[in-house]
Amino acid sequence: LRDPGPVVVMDLGHTHTDVCFLENGRCVFARTLSTCVASLPAGAQALARDVLQTVAAFRATGGAAPVHAYVGGGGSAVSGLVPWLSSQLGLPVDAVPLPEAAGAYEGLLAGHMRAVALAGRCAARGKRLDLLQGEFAPRRAIGVLRQHSTLIAGCMFAILVAFGFS
């Protein structure tokens with residue numbers, strides 16, 4: 001999903017819909033909608049309206065027009081949903097491309113697209129997932145430890161003395 005322009009990724013769930021905008025593989029905007037697959041077919045227009053409003057909100061923050069949309073989640077298997085969304089959004093819409101999984105059928109993968117994509121990303125890199133990087137990296141962890149080193153040493157000493165008496 002490293003298309004050059006913004007890409008919309010929708011997780012169509014049975015209780016809510018998550019909409020995420022990616023630029024160069026990184027999330028730049030996200031929103032959770034209360035409109036979901038359980039409201040279909042009666043709520044189809046509400047789903048289209050909510051997704052279009054989310055696209056407009058993304059554009060209002062200075063984002064460029066999305067060039068492609070991907071759908072996944074349990075609701076992506078609803079018959080005719082992908083072409084209908086494409087006509088409503090005016091974008092090409094496809095199922096989320098997920099890595100191959102031996103013994104799993106496509107419906108299972110689509111229903112668990114977030115977990116499958118996360119696992120596939122880690123497997124492709126041959127690394128562990130590290131959430132403590134980028135904007136999630138702690139900025140002052142070592143400084144805080146140094147600041148409280150006397151307190152930490154005192155607590156460790158008290159634990160060792162208590163352990164010696166037991």
Side-chain angles (χ1 to χ4, degrees), residues 1-40 47 50-51 53-64 66 68-78 94-166:
L1 301 180
R2 294 189 182 272
D3 292 355
V7 175
V8 182
V9 179
M10 292 176 276
D11 182 357
L12 303 168
H14 292 286
T15 58
H16 63 278
T17 299
D18 292 322
V19 182
C20 180
F21 291 81
L22 303 176
E23 287 184 1
N24 298 319
R26 293 188 55 94
C27 178
V28 293
F29 187 84
R31 183 176 277 176
T32 299
L33 309 175
S34 59
T35 313
C36 57
V37 175
S39 66
L40 298 178
L47 177 63
D50 290 350
V51 172
Q53 285 177 349
T54 302
V55 171
F58 171 68
R59 298 288 312 274
T61 64
H68 204 263
Y70 294 97
V71 294
S76 64
V78 172
D94 292 309
V96 172
L98 296 171
E100 293 292 322
Y105 64 94
E106 192 64 32
L108 175 68
L109 292 178
H112 300 284
M113 77 172 205
R114 283 186 263 184
V116 171
L118 191 57
R121 177 178 179 213
C122 292
R125 289 183 171 184
K127 298 179 182 178
R128 295 182 331 200
L129 179 64
D130 184 10
L131 295 178
L132 296 177
Q133 58 179 315
E135 62 264 22
F136 302 113
R139 291 182 177 84
R140 301 181 329 139
I142 298 299
V144 172
L145 287 176
R146 285 185 189 142
Q147 181 182 358
H148 294 92
S149 61
T150 307
L151 178 63
I152 293 170
C155 290
M156 291 176 76
F157 178 73
I159 290 171
L160 288 174
V161 170
F163 183 69
F165 284 114
S166 62

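Atom CZ of R146 sits about 12.0 Å away from atom CD1 of I152, to the nearest 0.5 Å. Here H16 contributes atom NE2 and L33 contributes atom CG; the two are 9.5 Å apart, rounded to the nearest 0.5 Å. Rounding to the nearest 0.5 Å gives a distance of 9.0 Å between OG1 of T35 and CG of L40.
In this view, T54 satisfies the side chain to side chain donor-acceptor pair (under 3.5 Å) rule with no residue, not counting sequence neighbours.
Of the options V9, T61, V7, V28, a side chain to side chain contact (heavy atoms under 4.5 Å, CB included) to F21 is made by V28 and by none of the others.
F58 and F29 have tilted rings, their planes meeting at an angle from 30° to 60° on a 0 to 90° scale.
Of all the heavy atoms in P6 and A64, the pair that sits closest is CG-O, 3.5 Å. R31 approaches Q53 most closely through the heavy-atom pair NH1-O, 4.1 Å. The two residues A95 and Y70 make their nearest non-hydrogen contact at O-CD2, 3.6 Å.
Between C36 and H14 there is no side-chain heavy-atom pair separated by less than 4.5 Å. Annotation: side chain of P66 is in contact with side chain of V55 (closest heavy-atom distance under 4.5 Å). You'll find the side chain of L47 reaches within 4.5 Å of the side chain of T17, heavy atoms only.
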